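For reference, the structure discussed in these notes is given below.
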Protein chains: 2
Amino acid sequence: MNSVSNFVEKLRNSGLRPTKQRIKICEVLFNTDKTFHFTINELSKIISEKIEEKISLATIYNTVHAFKREGYLKEITINSDKSYFDTNTSHHHHFFDNLTKELTDLNDEDVEKIQIKKSLPGKKISSVEILVKVENE
Amino acid sequence: MNSVSNFVEKLRNSGLRPTKQRIKICEVLFNTDKTFHFTINELSKIISEKIEEKISLATIYNTVHAFKREGYLKEITINSDKSYFDTNTSHHHHFFDNLTKELTDLNDEDVEKIQIKKSLPGKKISSVEILVKVENE
DNA sequence: ATGCTACTTTATAATGATTCTAAAAAAAGT
DNA sequence: ACTTTTTTTAGAATCATTATAAAGTAGCAT
């Protein structure tokens, strides 16, 4: 399933050659049973911890953005100063705890179907994203 | 209605002394019949165009953030390369056109009531924001 | 009004995330 | 193997935002 050949395919689909560094990035991103959220800096830290090698930030940025373009990663819209990414690419929403900065998935089926009763002339909806901000009770 | 005394009140409520610069910022922000969206840079440009005076960026940042803290402005969650603000502080959502970067209000009554069927232990919902991304038909 | 104190403004520097660059390294093609 | 193209990398550049510290202003007590 999530083996090197799968990573090579993902990379080729994204228009990227399967290099050593990119395969390593794939291992961190996709070789898990659970999906997860990350910032580029967190990803960089995970890579340097889990893997002895150092991959330059520029390479991480390039690879993550190529995967996002291809749909293997989603970028999450948080009211913030940095970008969050999600390895869960299915359609879903998020909880965000502004205190802990923690992101939690909110599955599509956990939200009553949303009906948008307004439309913009000449435009069609490409996505509907809900961000539920939470605080301590 | 939206006169200097009203601005002075807004400023005092926000814990700010009513200075010349802050009154000018209020005029641009609140002395209109329509609400609008802006980035700090756009606001800065509007100020230097509409008003002969130059107000430093630091002052604009400080004032906008104080108003946000006090609830006279809302910050909108968009692609996180810069912050967008809204002078419409009523509860509502947004359309965002990624091509034109245009933001449009989506009133609360234009969205079928949202039911979140999941909750996080020890947390309560503080806000639910919908961002509808649109593209050309 | 005058003077004192605390708050503001301002230009500029600092920061932090992201993007760019150009040279060295690696991969692909011949 | 040799040449060409792509990639990696460290460091520089950029952009939004925040911090700083000196000079200016508001508020208050006299």
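Keep in mind the model is a prediction, meaning the values are calculated, not measured. Just so you know, these numbers use all the heavy atoms, side chains as well, and skip hydrogens, waters and symmetry mates. Every chain is numbered from 1, with letters handed out A, B, ... down the list of sequences.
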Original post:
Of the candidate nucleotides D:dT17, C:dT18, D:dT9, which contains the atom at the shortest distance from the side chain of A:Lys82?
Top reply: C:dT18

Original post:
Quick check: does any side chain N or O of A:Thr87 sit under 3.5 Å from a backbone N or O of A:Phe36, one acting as donor and the other as acceptor?
Top reply: yes

Subject >> Nearest-Å distance for atom pair CG/P, residues A:Leu43 and C:dT18 >> reply: 12 Å

Subject >> Contact under 4.0 Å: B:His65 side-chain N or O vs D:dT18 OP1/OP2 >> reply: yes

Original post:
Of all the choices, C:dT8, C:dT9, D:dT17, which nucleotide is nearest to the side chain of B:Gln21 once you look at every atom?
Top reply: C:dT9

Original post:
How would you label the contact of A:Lys54 with the nucleic acid (heavy atoms, under 4.0 Å): base, sugar-phosphate, or nothing?
Top reply: sugar-phosphate

**OP:** Identify which nucleotide among C:dT18, D:dG27, D:dA16 has an atom closest to any side-chain atom of A:Tyr61, counting heavy atoms from C-beta outward.
**Re:** C:dT18

Subject >> Pair A:His92-A:Asn107, side-chain donor/acceptor within less than 3.5 Å >> reply: no

Subject >> Parallel, tilted or perpendicular: rings of B:Phe38 and B:Phe85 (30°, 60°) >> reply: parallel

Original post:
Roughly, in whole Å, what's the span from NZ in A:Lys101 to P in C:dA17?
Top reply: 13 Å

Original post:
CG of A:Asn41 versus C1' of C:dT15: gap in Å, rounded?
Top reply: 13 Å

Original post:
Should the heavy atoms of other residues, nucleotides or ligands under 6.0 Å from NZ of B:Lys118 be counted, would the total exceed 12?
Top reply: yes

Original post:
Is any side-chain N or O of A:Arg22 closer than 4.0 Å to OP1 or OP2 of C:dA27?
Top reply: no

Original post:
Between A:Glu75 (CD) and C:dA17 (P), how many Å, whole number?
Top reply: 15 Å

Subject >> Selected nucleotide, minimal atom distance to A:Arg17 side chain, candidates D:dT7, C:dT9, D:dA16 >> reply: D:dT7

Original post:
Which listed nucleotide (C:dT8, C:dT18, D:dT17) is nearest to the side chain of B:Leu57?
Top reply: D:dT17

Subject >> Residue whose closest nucleotide on DNA chain D lies nearer the 5' end, B:Lys20 versus B:Tyr84 >> reply: B:Tyr84

Original post:
Would you say C:dT18 has OP1 or OP2 under 4.0 Å from some side-chain N or O of A:Ser83?
Top reply: yes

Original post:
Whole Å only: how far is the CZ atom of A:Phe85 from the C1' atom of C:dT18?
Top reply: 10 Å

Subject >> Worked check of side chain to side chain contact (heavy atoms under 4.5 Å, CB included) between A:Glu27 and A:Lys50 >> reply: CA-CA 10 Å; A:Glu27 277 168 12; A:Lys50 289 210 176 169; over 6 Å; no

**OP:** Answer with base, sugar-phosphate or nothing: what part of the nucleic acid does B:Asp81 contact at a heavy-atom distance below 4.0 Å?
**Re:** sugar-phosphate

Original post:
Of the nucleotides D:dT9, D:dA26, C:dA28, which one has an atom closest to the side chain of A:Thr59?
Top reply: D:dT9

**OP:** Send over the distance from A:Leu11 CG to C:dA28 P, rounded to a whole Å.
**Re:** 12 Å

Original post:
For B:Ile47 and C:dT9, what is the distance between atoms CD1 and P respectively, to the nearest whole Å?
Top reply: 12 Å

**OP:** Would you classify A:Asn62 as touching base, sugar-phosphate or nothing, given that sugar-phosphate means primed atoms plus P, OP1 and OP2, and contacts are heavy atoms under 4.0 Å?
**Re:** nothing

Subject >> Distance in angstrom units between B:Lys24 NZ and D:dT25 C1', rounded >> reply: 17 Å

**OP:** Kindly indicate whether the side chain of A:Thr19, heavy atoms from C-beta on, has any atom under 4.5 Å from the side chain of A:Leu11.
**Re:** no

Original post:
Taking the side chain of B:Ala58 as heavy atoms from C-beta outward, which of D:dT17, C:dA11, C:dA17 is closest to it?
Top reply: C:dA11

